[in-house]
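Below you'll find the structure, written out as structure tokens, and then a few comments.
Sequence positions, counted from 1, serve as the residue numbers for this chain. Bear in mind that the values here come from a model prediction, so they are computed numbers and not experimental data. Counting starts at 1 for both ligands and their atoms, in listed order. Side-chain atoms are counted along with the backbone in the values below, which use heavy atoms only and exclude waters and symmetry mates.
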Amino acid sequence: MSSKLRVAVLGAKGRIGSEAVRAVEAADDMELVAALGRGDSLDALADSGAQVAVELTTPDSVMANLDYCVARGIHAVVGTTGWTEERLATLTGWLDESPETGVLIAPNFSIGAVLTMRFAQLAAPYFESVEVVELHHPNKVDAPSGTAARTAQLIAAARAQAGSAPQPDATATALDGARGADVDGVRVHSVRLRGLLAHQEVLLGGEGETLTVRHDSLHHSSFMPGILLGARRVGAAPGLTFGLEHFLDLG
Ligand SMILES: NC(=O)C1=CN([C@@H]2O[C@H](COP(=O)(O)OP(=O)(O)OC[C@H]3O[C@@H](n4cnc5c(N)ncnc54)[C@H](O)[C@@H]3O)[C@@H](O)[C@H]2O)C=CC1
Ligand SMILES: O=C(O)C1=N[C@H](C(=O)O)C[C@H](O)C1
């Protein structure tokens, strides 16, 4: 058997999944052993001897796929969105039963997005107001994006830890949705526009100044180095890792 890492891709015909298939095929240290689409039997994963499954499907499919993988000790690198506390608890329970298996969930695999989250976390306590605007292609099925939800959670946690005051907002009447979604007290606004791929702005405001942290993924290739890094590292990280930053040396 070759010493290359045996990698499978789930969601192989999708926008990011098809790019991941090409990236795994092009990686010298990896072998693509399975490429599954909706309706394909998961048994192809075990039959192919996959060591790592790259999960890039849909929020309605991801849990069943991870249940299969974790039960068989197949490590997983997950980009699919839709993560709730309840889902994470279920996954953690499965991992407790399979303690040598690693799962990486990355709300975003691009280095720029990971850094945007880090910069936002760093800046958030220094400004009175912080809001997140995410902008995506109109085929996206979930809102807000997983990245924006995670960014807002990190901002809220940083502000809570710093003892920041609640954000000023005198809104007394508003049309439903006009002020965006409330994620842990941080407003998140979702734009869906033909021509876009994946973009995010974190807007911070203080007395007499604003700071905008913006990231643009212009092509799905932006996610590939993160996916390949995750596939290489996840087997040595048993249990659940949430966020690619844990596999990066960000200082
Ligand atoms: N973490 C990250 O950096 C990124 C995450 N994403 C996320 O990845 C997911 C997929 O995004 P897109 O590729 O744009 O969507 P897409 O709709 O183009 O692709 C999803 C694919 O998964 C397939 N699929 C659904 N259930 C399946 C199953 N049980 N087994 C195998 N295949 C199955 C669908 O038929 C479809 O081909 C979304 O949740 C998206 O938010 C997308 C880009 C980057
Ligand atoms: O659906 C997408 O396209 C993307 N989904 C992820 C998210 O919801 O954050 C990552 C990136 O924004 C692209």
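When only interatomic distances are considered, the shortest N/O to N/O separation between Pro107 and ligand 1 falls below 3.5 Å. An N or O contact shorter than 3.5 Å links Ile16 to ligand 1 by distance. Backbone and side-chain nitrogen or oxygen atoms of Thr80 are examined, and none is located within less than 3.5 angstrom of a nitrogen or oxygen of ligand 1. Taking only nitrogen or oxygen atoms, main chain and side chain alike, Phe109 reaches within less than 3.5 Å of ligand 1. For the pair Lys140 and ligand 2, the shortest N or O to N or O distance falls below 3.5 Å. Of the N or O atoms in Ser61, one or more lie within a sub-3.5 Å distance of an N or O in ligand 1. Of the polar atoms of Arg15, at least one N or O is found under 3.5 Å from an N or O of ligand 1, judged by distance alone.
Taking each of Gly14, Ser18, Pro59 in turn, the one with a heavy atom nearest to atom 36 (C) of ligand 1 proves to be Gly14. One option in Thr57, Thr81, Thr58 has a heavy atom closer to atom 9 (C) of ligand 1 than any other, and that option is Thr57.
Looking only at atom types and distance, the side chain of His136 has a donor-acceptor partner in the side chain of Glu134 under 3.5 Å away. A side-chain N or O of Ser222 and one of Ser217 form a donor-acceptor pair less than 3.5 Å apart. Checked by atom type, the side-chain pair Gln153/Asp184 shows no donor-acceptor distance below 3.5 Å. With hydrogens and angles left out, the side-chain atoms of Glu131 and His189 include a donor and acceptor closer than 3.5 Å. The closest side-chain donor-acceptor pair between Glu55 and Thr80 falls under 3.5 angstrom.
Side-chain atoms of Arg214 never come within 3.5 Å of backbone atoms of Gln200 as a donor-acceptor pair (strictly under, hydrogens ignored).
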For Arg38 and Asp40, what are the C-alpha separation, side-chain angles and deciding distance, and is it a salt bridge (Lys or Arg N to Asp or Glu O under 4.0 Å)? CA-CA 6 Å; Arg38 193 187 275 277; Asp40 290 343; over 6 Å; no

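Proximity of His136 to ligand 2, defined as any heavy-atom pair under 4.0 Å, is confined to the side chain (atoms from C-beta onward). Contacts between Asn65 and ligand 1 below 4.0 angstrom, taking non-hydrogen atoms only, involve the side chain exclusively.
Near Lys140, with a cut-off below 4.0 Å to any heavy atom, the atoms of ligand 1 are 41 (O).
Put simply, no part of Gly146 is less than 4.0 Å from ligand 1, judged by heavy atoms.
Here the heavy atom of the protein found nearest to atom 1 (N) of ligand 1 is Ala106 O, 2.8 Å.
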